[in-house]
Amino acid sequence: MADRPKLRSQEWFGKQDRDGFVHRSWMKNQGLPQHLFDGRPVIGICNTWSELTPCNAHFRKIAEHVKRGVYEMGGFPLEFPVMSLGETLMRPTTMLFRNLVSMDVEESIRANPIDGVILLVGCDKTTPALLMGAASCDLPTLAISGGPMLNGRFRDEQIGSGTHVWKFGEMVRAGEMTLADFMDAESCMSRSAGHCMVMGTASTMASMVESLGMGMPMNAAIPAVDSRRYALSHMAGRRIVEMVREDLRMSKILTRKAFENAIRVNGAIGGSTNAVVHLLALAGRVGIDVSLDDWDKLGCDVPCLVNLMPSGKYLMEDFYYAGGIPAVIRALGDRIHKDALTVNGRTMGENTADAPNWNPDVIFPAERPFKEEGGIAVLRGNLCPSGAILKPSAASPHLMKHRGRAVVFESIEDFHARIDDEGLDVDESCVLVLKGCGPRGYPGFPEVGNMPLPPKVLRKGITDMVRISDARMSGTAYGTVVLHTAPESAVGGPLALVQNGDMIALDVAARTLHLDVPEAELARRRAAWTPPEPAHDRGYGRLYVEHVLQADRGVDLDFLVGKSGAHVARESH
Ligand code: FES
């Protein structure tokens, strides 16, 4: 291997002195023979396995298949854990910890003798957290998603993760489903290893991995328990060794064109609104200028091609059989930068040129799309000077232009305390407004923006109302929901000034969100407004609230933006 450039790992393992002794000797207690330290690429397998993250609980097995591929190509795989983020269990919200995990990933990679990285990602925030951390080190890196669960099935109905939780929950509240049936459905939804199998945030981010060029073709759609997921992992293990030898770093793949491709694919798959903040944050790490307005500009003419829940009917297993992301990218034609490089060393165009579409009822052709408007609408106005977003494909057409009376909740606790009150002065024409759920205010930017409707509205058969908040929404949710309102209420954004009875006008076609209150009155309210006490006075929570950026900047911590590379000047002894 003398003809190859010296690897970073050889700064540890290649020394014939006391330090080299220390670096190798302790590693050998794992039964590792001498030849593994001879200058072959060391591949770090960054694993978010955890039994507290059920979506990633099968990752030890994926790692074993990656190792097979790495060894085959003459590499040396070393698996290491990072903090995991389980969407369903963690309080107050996993989003509070996305940036913390990214720091764990970045420092773990940089501090260790690693030449290339495999990122094992799955449950929602694990994907952006690992991409962001790795991007700040900029080594050759390849991401493998854990894959979606098999389709859920309750009696004779296909049911989707999350999407049917919200639906069944509303049905119980409206008296249309018994609690016993609701409890029965619980076991029918999550019936295999894997992440949520609707086009929620996990599936969206897996699709972003693939469309950014950071994952192998078909990374997003192969079910977690399908043997082909393990074959893909094996091949990824082979490929990362080659990437190290080619010095194919993350920054060579994550170009402006890659982000533009991803934004367009997000429109075509009816992807989660959460992708907006995650891609903004990732772009910030690699120094690519992507703005909130790019989401509207690049995505507004992209039709939604994919008929998957929550916007449509099918689930990720069906999407795999239909052709997955390669078929979508091929259908997007000239909207995609075909020369964008991907981790397998081929361009996006080469990877997808012959991609078949086996089921046009799951992946619609671009000439006859599933929905005309697939992208993310970015709204502006006096209620959201730094922007707010809405997902048209998940919204109700009759509410896309709406003027209604605000019914205001000062916090999520206030909402829960009053929403079921039959005396609440609300009807379906009102606009539900929720404050205190932004990045800094909650803190952590929770997925509570798709507020459940009041029971007295649900009983009329109404299933959607305009809702506005500074929160996020689960990618599995749907509705005419304005999210990520910035600046958030906790930092004095105009949302903080909204009062019961104010009129609010939403016009998605015009991309406006307007609080119909005279400026003089808003100025009076602004002068009387007092900021809330910081929610944390110590620990990571304090670091977070003092440094978190607003939604239009990706909710990264201000000092994490950018990258530092992987060089460390000093030895440990
Ligand atoms: Fe993990 Fe949905 S809860 S992906």
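For ligands, and for the atoms within them, numbers begin at 1 and follow the listed sequence.
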Just how far is it from atom CG of L483 to atom CG of N450, taken to the nearest 0.5 Å?
8.0 Å
Without swapping roles, check the side chain of S203 against the backbone of V198 for a donor-acceptor pair under 3.5 Å.
yes
According to the interplanar angle, ranging from 0 to 90°, do the rings of F415 and F409 count as parallel (below 30°), tilted (30 to 60°) or perpendicular (above 60°)?
perpendicular
Using the ring centroid of each side chain, check whether F445 and H484 are separated by less than 6.0 Å.
yes
Think K125 forms a cation-pi with F97, using NZ or CZ under 6.0 Å from the six-ring centre and within 45 degrees of its axis?
no
Between K313 and D318, is there a salt bridge with N-O shorter than 4.0 Å?
no
Protein N, O or S atoms less than 2.8 Å from atom 1 (Fe) of ligand 1, ignoring waters?
C55 SG, C123 SG
